[in-house]
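Here the structure is a predicted model, which means the values were calculated and not measured.
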Amino acid sequence: MQVNKVLVVAVHPDDETLGCGGTLLKHKANGDEIHWLIATDIAELEGIDKSVVDERNTEIKEVEKLYSFNSVYKLGLSTTKVDEYHISELITKISSVVNEIKPNIIYLPFKGDVHSDHKYIFDAAYSCTKSFRYPFVKKIYMMEALSETEFSLSTKEDSFVPNVFVDISEYMDRKIEAMKIYEGEMGSHPFPRSERNIKALATYRGATAGCEYAESFMLIKEVG
């Protein structure tokens with residue numbers, strides 16, 4: 001049985017769980033390697049209280065343990081300020097991680113997400129999937145993240161139109177458990193990142209896929 005090497009590119013900590021938490025747990029249960037790249041970070045140098053920074057680092061360690069990630073990489077980019085970096089710098093940073101892991105499956109943020117950080121990281125990360133430079137990459141998916149993807153423009157070019165569905169019924173509770181680690185990112189309905197809405201989206205995607213809960217993706221490249 002082939003062991004997949006999976007890389008999820010999370011623009012911010014929690015994107016990995018919102019976008020493909022159940023799928024990552026399923027990969028792990030199937031014996032695949034799972035690797036986590038966190039693009040942005042918060043720091044005291046940006047005027048953020050040390051206690052907040054320490055809490056975020058603790059959350060990341062707890063999430064890492066819950067998923068049993070094979071590796072975690074932090075690019076340390078300033079959150080909400082990714083547009084201030086030159087695209088070549090972003091590509092260089094992401095490329096070094098991709099070349100070290102050599103994943104055959106990559107999960108990326110949706111190119112139309114409303115958050116500018118997501119747009120820039122998608123562009124840079126997708127540049128790190130060219131077949132003549134990264135021949136080991138065989139499947140590339142875009143994932144949907146509540147509070148970002150559903151607010152994209154409702155045009156044909158910018159809408160999230162899933163064509164891959166993964167049954168995560170066995171892993172839904174652990175996905176919620178992972179999200180609850182990020183206490184400051186969760187809220188009550190109708191806030192998008194609430195337990196109710198996370199389950200509602202998974203229920204809706206599950207109805208399309210014929211299961212109780214599912215995560216959905218846009219497959220943008222597959223090399224057979």
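Residue Glu183 qualifies as open at atom CD: its count of foreign heavy atoms under 6.0 Å is 12 or below. Heavy atoms from other residues, nucleotides or ligands lying under 6.0 Å from NZ of Lys139 number 12 at most. With a 6.0 Å radius and a threshold of 12 heavy atoms from other residues, nucleotides or ligands, Glu170 has its CD atom at or below the threshold.
A distance of 12.0 Å separates CG of Asp83 from NZ of Lys119, quoted to the nearest 0.5 Å. To the nearest 0.5 Å, atom CZ of residue Phe110 and atom CE of residue Met218 are 5.5 Å apart. With values rounded to the nearest 0.5 angstrom, Ile198 atom CD1 is found 4.5 Å from Met179 atom CE. Note that CD1 of Ile101 and NE2 of His35 are 5.5 Å apart. Values are rounded to the nearest 0.5 Å. How far CG of Asp15 is from CG of Leu108: 12.0 Å, rounded to the nearest 0.5 Å.
Side-chain atoms of Ser152 come within 3.5 Å of backbone N or O of Asp158 as a donor-acceptor pair. In this structure a side-chain-to-backbone donor-acceptor pair under 3.5 Å is present from Tyr85 to Ser78. Of the possible polar contacts, one joining the Asn30 side chain to the Lys26 backbone as a donor-acceptor pair under 3.5 Å is found. Put simply, the side chain of Glu89 never gets that close to the backbone of Ile87: no donor and acceptor are under 3.5 Å apart. Between the side chain of Asn163 and the backbone N or O of Leu219, at least one donor-acceptor pair lies under 3.5 Å. In this structure a side-chain-to-backbone donor-acceptor pair under 3.5 Å is present from Lys28 to Ser68. Side-chain atoms of Asp117 come within 3.5 Å of backbone atoms of Val82 as a donor-acceptor pair (strictly under, hydrogens ignored).
The ring-ring contact (aromatic ring centres under 6.0 Å, His included) test applied to Phe122 returns Tyr126, not counting sequence neighbours. A search for ring-ring contact (aromatic ring centres under 6.0 Å, His included) contacts involving Tyr141 returns Tyr107, Phe217, not counting sequence neighbours.
Between the side chains of Ser96 and Tyr73, no donor-acceptor pair of N or O atoms lies under 3.5 Å. Neither side chain, Tyr171 nor Thr23, offers a donor N or O lying under 3.5 Å from an acceptor on the other.
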Does Glu212 form a side chain to side chain contact (heavy atoms under 4.5 Å, CB included) with Met172? I'd like the steps, not just the answer. CA-CA 10 Å; Glu212 186 166 1; Met172 191 68 221; over 6 Å; no
I'd like to know whether Lys180 forms a salt bridge (Lys or Arg N to Asp or Glu O under 4.0 Å) with Glu177, so could you lay out the CA-CA distance, the side-chain angles of the two residues, the decisive distance to 0.1 Å, and finally the verdict. CA-CA 5 Å; Lys180 286 182 175 179; Glu177 180 184 348; over 6 Å; no
One pair to check against side chain to side chain contact (heavy atoms under 4.5 Å, CB included): Val137 and Ser131. What are the steps and the verdict? CA-CA 7 Å; Val137 178; Ser131 58; over 6 Å; no
Kindly determine whether Glu215 and Met143 satisfy side chain to side chain contact (heavy atoms under 4.5 Å, CB included), including the steps that lead there. CA-CA 8 Å; Glu215 287 172 339; Met143 54 190 180; over 6 Å; no
Decide yes or no on side chain to side chain contact (heavy atoms under 4.5 Å, CB included) for Ile121 and Leu77, but give the supporting numbers first. CA-CA 10 Å; Ile121 293 300; Leu77 305 173; 3.8 Å; yes
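Sequence neighbours left out, not one pair with a member in residues 177-213 passes ring-ring contact (aromatic ring centres under 6.0 Å, His included).
Between Ile181 and Glu62, the shortest heavy-atom contact is CG2-OE1, 3.5 Å.
For the pair Phe165/Cys211, no side-chain contact is recorded, criterion being any heavy-atom separation below 4.5 Å from C-beta on.
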